[in-house]
Amino acid sequence: KVAGIIVQQPLPECIPLRAVIDAIDPRKDIDGIHPLNAGLLALGYEGYLPATAHASVELLKRSGIELAGKDAVVVGRSNIVGKPIANMMVQKGPGANSTVTVVHTRTKDLAAHCKRADILIVAAGVPGLVKPEWIKEGACVIDVGVNRVGTKISEKTGKKIAILSGDVDFDAAKEIAGYITPVPGGVGPMTITMLMRNTLNSLKFKLGIA
Ligand code: NAP
């Protein structure tokens with residue numbers, strides 16, 4: 001009866017993530033976290049792609065951004081976001097062929113890497129990490145970060161809701177970047193779309209109509 005399974009991370013410390021991942025049927029792994037799907041992605045074969053990573057790359061493609069030959073810098077190396085984004089963009093083939101650098105907390109001179117990026121994808125989970133002056137004029141910025149930086153009262157419902165911010169200062173960065181995604185309303189909705197797409201494909205496969 002189940003077409004797709006996602007694991008909401010982080011798990012409580014008492015539950016080992018690897019054991020949970022191993023328990024997922026790779027054919028229902030609609031967030032692409034099983035080693036089989038991660039391996040297929042690394043090798044450039046078809047499989048389920050992690051939804052947020054897929055969403056980030058799909059936003060670039062559908063905005064008509066050429067990836068081939070571009071210097072792409074990915075801030076963050078998690079298994080569900082940073083690494084799969086880098087794997088997708090470095091593949092040999094259409095809609096890829098970027099020169100990819102992955103940076104993280106041990107990277108020397110983060111600013112220097114960001115400054116030379118034609119495509120800058122930020123998935124660190126640190127509000128305001130990427131300063132506007134780190135962004136190359138005209139660069140394409142995908143801000144994956146979702147950070148709760150406070151609370152406010154919703155005008156619609158009158159209830160207390162979280163104030164969300166990305167990893168990039170949107171208002172300042174949009175004056176420099178050629179393209180930039182907002183938070184909220186950028187990668188988030190596209191992630192849901194990619195999850196639904198994978199779920200539909202999984203169901204079609206299950207029903208033998210794929
Ligand atoms: P994660 O597992 O915590 O990974 C964060 C990565 O960023 C790590 O590789 C870390 O480096 C790196 N990093 C953290 N601080 C840094 C710094 N100061 N300088 C350089 N690198 C730094 O997080 P995640 O699951 O990949 O998620 C990243 C962000 O995306 C979070 O804000 C999350 O909420 C958001 N997210 C959004 C969606 C969406 O649908 N929009 C979906 C998933 C995640 P180390 O490896 O060295 O620790």
Side-chain angles (χ1 to χ4, degrees), residues 4-13 15-18 20-21 29-35 37-38 41-42 48-60 62-63 72-90 100-117 119-135 140-151 161-170 173 179-199:
I5 299 167
I6 63 165
V7 178
Q8 187 67 54
Q9 296 183 44
L11 292 174
E13 270 178 23
I15 303 177
L17 179 61
R18 182 64 205 271
V20 174
I21 291 174
D29 174 32
I30 54 158
D31 207 12
I33 61 169
H34 190 279
N37 286 310
L41 167 59
Y48 287 117
L49 299 172
T52 301
H54 193 189
S56 304
V57 177
E58 199 68 18
L59 281 168
L60 293 169
R62 295 199 185 199
S63 304
V73 172
V74 183
V75 183
R77 56 176 166 183
S78 72
N79 287 345
I80 57 166
V81 189
K83 279 185 204 158
I85 288 174
N87 268 334
M88 273 175 232
M89 295 183 75
V90 81
V100 183
T101 306
V102 180
V103 298
H104 44 76
T105 55
R106 302 296 175 91
T107 298
K108 287 184 216 155
D109 205 347
L110 191 64
H113 286 285
C114 293
K115 277 180 191 171
R116 61 175 177 74
I119 300 171
L120 179 60
I121 303 190
V122 192
V126 180
L129 174 67
V130 170
K131 313 286 175 251
E133 60 271 23
W134 296 5
I135 296 169
C140 177
V141 180
I142 303 284
D143 189 353
V144 184
V146 178
N147 308 292
R148 285 173 178 79
V149 292
T151 56
I161 54 168
I163 300 171
L164 299 179
S165 144
D167 291 350
V168 182
D169 174 353
F170 180 83
Y179 300 80
I180 183 166
T181 57
V183 179
V187 174
M190 195 63 165
T191 295
I192 297 167
T193 309
M194 294 299 115
L195 272 175
M196 290 313 296
R197 175 176 153 154
N198 282 349
T199 309

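One-based numbering, in listed order, for ligands and for the atoms of each.
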Nitrogen or oxygen contacts under 3.5 Å, ligand 1 side and protein side:
unit_1   : atom_1 : unit_2 : atom_2 : d
ligand 1 : 9 (O)  : R77    : N      : 2.8
ligand 1 : 21 (N) : T105   : N      : 3.4
ligand 1 : 26 (O) : S78    : OG     : 2.5
ligand 1 : 30 (O) : V144   : O      : 3.4
ligand 1 : 32 (O) : V146   : N      : 3.0
ligand 1 : 32 (O) : V146   : O      : 3.4
ligand 1 : 34 (O) : V146   : O      : 3.3
ligand 1 : 40 (O) : T191   : OG1    : 3.1
ligand 1 : 46 (O) : R77    : NE     : 2.7
ligand 1 : 47 (O) : R77    : NE     : 3.4
ligand 1 : 47 (O) : R77    : NH2    : 2.8
ligand 1 : 47 (O) : T105   : N      : 3.2
ligand 1 : 47 (O) : T105   : OG1    : 2.4

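- Residues F170 and I180 form a side-chain contact, since some pair of their non-hydrogen atoms from C-beta on lies under 4.5 Å apart.
- Between V20 and L11 the shortest side-chain heavy-atom distance falls below 4.5 Å.
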Original post:
Going through the distances and angles, do V73 and V103 end up as a side chain to side chain contact (heavy atoms under 4.5 Å, CB included)?
Top reply: CA-CA 7 Å; V73 172; V103 298; 4.1 Å; yes
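- Inter-residue side-chain proximity for R116 and T101 is flagged as met; some heavy-atom pair is nearer than 4.5 Å.
- Scanning for salt bridge (charged side-chain N to carboxylate O under 4.0 Å, His left out) contacts around R62 gives E58, with sequence neighbours left out.
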**OP:** Determine, step by step, whether D167 and V144 satisfy the side chain to side chain contact (heavy atoms under 4.5 Å, CB included) criterion, reporting the C-alpha distance in whole Å, the side-chain angles of both residues, the deciding distance to 0.1 Å, and the verdict.
**Re:** CA-CA 7 Å; D167 291 350; V144 184; over 6 Å; no
